[in-house]
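First the structure, in the form of structure tokens, and then the observations on it.
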Amino acid sequence: LIDRAGFDPGLTQTWQSKFEPVESLDSFSACDFVIESVIEDLTSKRKVFDQIEEFIGPEVPVGSNTSAIPITQLQQNRKNPDRFVGMHWAEPAHATRFLDLIRGAHTSEQTFEKAAALAKRLGKEPSLVQKDVPGFIFNCIGYAMYLVFGRAHVCTPVTVRSLVRA
């Protein structure tokens with residue numbers, strides 16, 4: 001973040017003072033944006049959302065760091081489905097500039113705008129995915145490249161990876 005987003009280099013020395021471990025989710029009540037990042041399992045994510053929703057305000061956006069679960073499916077049975085947005089981070093997240101932001105069927109424009117603003121603040125160049133499609137954009141591009149180049153033995157997966165690393 002220091003290199004890509006222009007954050008103060010002193011953060012390498014002071015980040016621990018800004019990190020606050022918590023023992024309960026009631027600390028989430030002070031958050032103005034929550035990003036969930038648990039195992040890629042619908043039931044697990046729903047359990048976390050159930051818990052988070054007990055502590056955050058109705059206007060607080062919730063980003064799900066999912067790789068393939070449809071955002072519209074994650075919005076089902078939520079108290080405020082309009083505040084849920086997909087945030088698919090390319091790996092390694094700290095070193096890449098790419099981030100899919102995925103609009104579910106109920107994602108509000110305000111939530112989408114807040115997610116895009118946060119992504120830019122973190123030094124990302126968000127891809128604004130306007131339709132909830134399987135695999136989102138980054139995965140679809142990656143799968144296509146590996147299928148076309150890898151299966152045809154045009155080049156190795158390492159070569160494909162190096163082509164998109166820039």
Side-chain angles (χ1 to χ4, degrees), residues 1-12 15 18-20 22 25 27-42 44-46 48-145 161 163-166:
L1 292 176
I2 291 168
D3 293 337
R4 291 200 182 263
F7 283 75
D8 179 0
L11 285 176
T12 58
W15 73 267
K18 299 175 187 313
F19 178 76
E20 181 182 339
V22 297
L25 293 177
S27 297
F28 280 53
S29 63
C31 294
D32 56 11
F33 202 110
V34 174
I35 301 172
E36 161 275 317
S37 184
V38 299
I39 189 169
E40 191 71 0
D41 173 73
L42 182 59
S44 297
K45 288 182 180 293
R46 284 185 172 158
V48 169
F49 294 151
D50 289 344
Q51 294 171 339
I52 290 171
E53 284 188 307
E54 293 300 317
F55 297 100
I56 62 174
E59 73 291 344
V60 176
V62 178
S64 177
N65 182 22
T66 178
S67 296
I69 298 173
I71 305 311
T72 301
Q73 195 171 6
L74 294 174
Q75 291 173 318
Q76 292 174 351
N77 301 316
R78 302 281 38 106
K79 290 180 181 179
N80 302 97
D82 60 312
R83 67 171 164 196
F84 284 82
V85 62
M87 299 182 82
H88 178 224
W89 304 76
E91 293 184 16
H94 71 283
T96 59
R97 66 179 186 265
F98 191 84
L99 170 64
D100 276 337
L101 294 180
I102 306 98
R103 182 189 299 270
H106 307 288
T107 305
S108 72
E109 187 62 31
Q110 182 180 19
T111 295
F112 212 55
E113 288 173 4
K114 285 181 179 181
L118 176 61
K120 290 174 185 172
R121 194 170 139 220
L122 294 173
K124 302 298 180 182
E125 296 174 17
S127 172
L128 305 178
V129 184
Q130 299 294 335
K131 186 176 180 185
D132 196 2
V133 295
F136 317 128
I137 291 179
F138 191 72
N139 284 343
C140 290
I141 291 171
Y143 297 149
M145 286 190 304
R161 198 174 319 119
L163 292 171
V164 296
R165 200 174 36 210

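- For the pair Leu74/Leu42, a side-chain contact is recorded, criterion being any heavy-atom separation below 4.5 Å from C-beta on.
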Checklist entry - Could you walk me through whether Val85 and Arg103 pass the side-chain contact (heavy atoms from CB on, under 4.5 Å) check? => result CA-CA 6 Å; Val85 62; Arg103 182 189 299 270; 5.9 Å; no
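- Rounding to the nearest 0.5 Å places CD1 of Ile56 at 8.5 Å from CZ of Phe28.
- Heavy atoms from other residues, nucleotides or ligands lying under 6.0 Å from CD of Gln110 number 12 at most.
- In this structure, Glu109 does not pair ionically with Lys114, as no charged nitrogen and carboxylate oxygen lie closer than 4.0 Å.
- Rounding to the nearest 0.5 Å gives a distance of 8.5 Å between CZ of Phe98 and NE2 of His88.
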Next on the checklist: Apply side-chain contact (heavy atoms from CB on, under 4.5 Å) to residues Trp89 and Leu122 and explain how you reach the verdict.
Outcome noted: CA-CA 12 Å; Trp89 304 76; Leu122 294 173; 3.7 Å; yes
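- Taken to the nearest 0.5 Å, the SG atom of Cys31 stands 12.0 Å off from the CZ atom of Phe55.
- In this structure, the separation between OG on Ser127 and CG on Leu101 is 7.5 Å, given to the nearest 0.5 Å.
- Not a single donor-acceptor pair under 3.5 Å links the side chain of Glu53 to the backbone N or O of Arg78.
- The minimum heavy-atom distance linking Ala116 with Pro126 is given by the pair O-CG, 4.2 Å.
- In terms of heavy atoms, Val22 sits closest to Ser27 at CG1-OG, 3.3 Å.
- The nearest pair of heavy atoms linking Lys131 to Ile102 is O-CG2, 4.5 Å.
- Between the OG1 atom of Thr66 and the CD atom of Glu36 there is a distance of 7.5 Å, given to the nearest 0.5 Å.
- The heavy-atom pair separating Ser64 from Lys45 by the smallest distance is OG-NZ, 3.8 Å.
- Residues Glu40 and Ser67 come closest through the heavy atom pair OE2-N, 2.9 Å.
- Residue pairs meeting the ring pair (Phe, Tyr, Trp, His ring centres under 6.0 Å) criterion with at least one member in residues 57-76: none, sequence neighbours excluded.
- With hydrogens and angles disregarded, a donor-acceptor distance shorter than 3.5 Å links the side chain of Asp132 to the backbone of Thr72.
- Without hydrogens or angle criteria, Asp41 side chain to Ser44 main chain gives a donor-acceptor distance under 3.5 Å.
- Atom CZ in Phe84 sits 9.5 Å away from atom OG1 in Thr107 (nearest 0.5 Å).
- Not one N or O on the side chain of Arg46 forms a donor-acceptor pair closer than 3.5 Å with the backbone of Gln76.
- Ile35 has its side chain within reach of Met87: a pair of non-hydrogen atoms, C-beta onward, lies under 4.5 Å apart.
- For the pair Gln75 (side chain) and His106 (backbone), a donor-acceptor distance under 3.5 Å is present.
- Of all non-hydrogen atoms in Ile52 and Leu25, the two that sit nearest each other are N-CD1, 4.3 Å.
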